[in-house]
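Notes to accompany the following structure.
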Amino acid sequence: MRSFRLSVVSLPLIGATLALSGCSSTPVDNTLGWSPNRLLSEARDERDSGNFDKAVVLYEKLEGRAAGTPLAQQAQLDKAYTHYKAGEPAQAQAAIDRFMRLHPTSPAMDYALYLKGLVSFNDNLGLFGSLARQDLSERDQKAAKESFEAFKDLVNRFPDSRYSADARIRMTYIVNSLAQYEVHVARYYYSRGAHVAAINRAQSALVDYADAPALEEALYILVQSYDALGMDQLRDDARRVMETNFPQSTFLTQGFRKSSDPWWKVW
């Protein structure tokens, strides 16, 4: 009986000990007392050092402590950019969309649109990515179109923005990429003997993407496909158009190109 009583009495003591140890493990917020400007500076230092997770936490603290001020908006955009630099496009887009929803009249809206286009452009088109041997036209074009729309919105709404000139260059690049995508598909169909499908995709490129470099090959695919189908009149018409617009074309003399480099590798 005596040992039983000792066991029962000891239980509350053990519980109290656990409770005390639990309290002692509560994390300490080292940023308490920091000014908003210090939070911003420290967050940027962490980001520039590649400590993206720490930077995001600091930006979130800044957003909360500076709520309703321009610094809070800055924190939201900087957090989006940090996700972008960390290779986290989904989180970056979510942060940008939230900023645009909360601050539709912000003076920084032009930058938000530019960053929105840049996130999709960089991650999905791979302009500066590591897929050095993969033709961009072979990749999913959904993100390319989303990127184009963001840049287009920027250029239309803020034509004099410091970001608009670069956005226009990227828009041209995206159009060329989308045109090449159509031509890539047309070439695939042609190689499989699906000449009607090849004609349809080549014509889509010609109609939707005027002046894109890929249109030279689109016309050549038309010439070859009409010839394979025995449609001599349409073949000759396509050839005349091609000779008029691309008088020095090597397609007519050498056929499809067999370059080891992707079409977009110009640097």
Side-chain angles (χ1 to χ4, degrees), residues 113-114 116-118 120-129 131-156 159 163-192 194-227 234-267:
L113 286 168
Y114 177 72
K116 184 177 178 66
L118 190 64
S120 294
F121 182 88
N122 185 69
D123 180 65
N124 294 282
L125 293 183
L127 178 59
F128 305 111
L131 300 178
R133 309 306 302 176
Q134 184 177 9
D135 189 327
L136 298 186
S137 67
E138 297 175 19
R139 305 178 68 184
D140 179 17
Q141 299 299 296
K142 180 176 181 291
K145 294 177 181 179
E146 292 175 352
S147 179
F148 181 88
E149 289 303 318
F151 288 137
K152 181 181 178 181
D153 197 8
L154 164 61
V155 169
N156 288 341
Y163 306 107
S164 291
D166 186 67
R168 291 186 183 95
I169 294 173
R170 292 175 186 273
M171 287 170 66
T172 298
Y173 174 83
I174 292 170
V175 167
N176 291 343
S177 175
L178 293 173
Q180 183 63 33
Y181 172 74
E182 293 297 324
V183 172
H184 172 81
V185 176
R187 189 191 319 121
Y188 171 83
Y189 283 137
Y190 175 79
S191 69
R192 297 300 188 275
H195 299 113
V196 174
I199 289 169
N200 289 337
R201 296 309 287 259
Q203 287 178 336
S204 293
L206 291 166
V207 171
D208 295 336
Y209 305 107
D211 301 324
L215 301 191
E216 179 183 359
E217 185 175 0
L219 283 167
Y220 181 68
I221 291 173
L222 285 182
V223 171
Q224 294 298 101
S225 296
Y226 284 135
D227 185 63
L234 291 174
R235 177 201 62 199
D236 294 342
D237 290 343
R239 188 181 184 93
R240 276 193 296 271
V241 173
M242 186 173 183
E243 290 173 340
T244 299
N245 289 276
F246 304 98
Q248 305 300 320
S249 177
T250 59
F251 282 103
L252 293 174
T253 57
Q254 301 177 21
F256 289 105
R257 294 169 181 166
K258 297 180 180 181
S259 172
S260 59
D261 287 330
W263 69 274
W264 47 268
K265 190 173 182 182
V266 294
W267 43 82

Phe121 side chain near Phe151 side chain, heavy-atom distance below 4.5 Å: yes

How about Ser249 and Glu216: does a side-chain donor come under 3.5 Å of a side-chain acceptor? yes

Could you check if a side-chain atom of His184 sits within less than 4.5 angstrom of a side-chain atom of Glu217, using non-hydrogen atoms only? no

Taking the side chain as every heavy atom from C-beta outward, state whether Tyr163 and Leu113 have any atom pair closer than 4.5 Å. no

Decide yes or no on side-chain contact (heavy atoms from CB on, under 4.5 Å) for Arg170 and Leu118, but give the supporting numbers first. CA-CA 9 Å; Arg170 292 175 186 273; Leu118 190 64; 3.5 Å; yes

Close side-chain approach of Asp208 to Glu182, heavy-atom, < 4.5 Å: no

With distance as the sole test, does Thr244 use its side chain to make a donor-acceptor pair with the main-chain N or O of Arg240 at under 3.5 Å? yes

Pick one: which of Asn176, Val175, Ile169 meets side-chain contact (heavy atoms from CB on, under 4.5 Å) with Thr172? Asn176

Minimum side-chain heavy-atom gap Arg239-Leu252 below 4.5 Å: yes

Dump the intermediate steps for side-chain contact (heavy atoms from CB on, under 4.5 Å) on Asp237 and Tyr226, then the final yes or no. CA-CA 10 Å; Asp237 290 343; Tyr226 284 135; over 6 Å; no

Nearest 0.5 Å, please: how far is OG1 in Thr253 from CD in Gln248? 9.5 Å

Taking all non-hydrogen atoms of both residues into account, name the closest pair between Gly255 and Tyr220 and its distance. CA-OH, 3.3 Å

Using side-chain heavy atoms (C-beta onward) and a distance below 4.5 Å, is Lys145 in contact with Glu149? no

Looking at every non-hydrogen atom in both residues, tell me the closest pair between Ala198 and Ala186 and how far apart they are. CB-O, 3.4 Å

Compare every heavy atom of Ala205 with every heavy atom of Ala218, then report the nearest pair and how far apart it is. CB-CB, 4.4 Å

Would you say the side chain of Leu206 lies within less than 4.5 Å of the side chain of Leu222, judging by non-hydrogen atoms? yes

What's the verdict on side-chain contact (heavy atoms from CB on, under 4.5 Å) for Arg187 and Gln180, showing C-alpha distance, side-chain angles and the deciding distance? CA-CA 10 Å; Arg187 189 191 319 121; Gln180 183 63 33; 3.2 Å; yes

Please round to the nearest 0.5 Å and tell me the distance separating atom CD1 of Ile199 and atom CD of Gln224. 11.0 Å

Using a 6.0 Å cut-off, check whether atom CG of Asp211 has over 12 heavy atoms from anything other than its own residue. no

Write down the atom of Ser164, the atom of Pro159, and the distance for their closest heavy-atom approach. CB-O, 3.6 Å

Tyr190 vs Phe256, ring-ring contact (aromatic ring centres under 6.0 Å, His included): CA-CA, chis, key distance, verdict: CA-CA 11 Å; Tyr190 175 79; Phe256 289 105; 5.6 Å; yes

Can you name the nearest heavy-atom pair linking Val241 to Asn245, along with the distance? O-ND2, 2.8 Å

Tell me, with the steps shown, if Leu215 and Leu219 meet side-chain contact (heavy atoms from CB on, under 4.5 Å). CA-CA 6 Å; Leu215 301 191; Leu219 283 167; 5.6 Å; no

Over all atoms of both residues, closest heavy-atom pair of Val183 and Ala214: CG2-O, 3.5 Å

From Tyr209 atom OH to Ile174 atom CD1, the distance as rounded to the nearest 0.5 Å: 11.0 Å

Under a 3.5 Å distance rule, please check whether Ser177 uses its side chain to pair with a backbone N or O of Tyr173 as donor and acceptor. no

Between Tyr188 and Arg201, is any pair of side-chain heavy atoms under 4.5 Å apart? no

Measure the spacing between CG of Leu234 and OG of Ser225 and express it to the nearest 0.5 Å. 11.5 Å

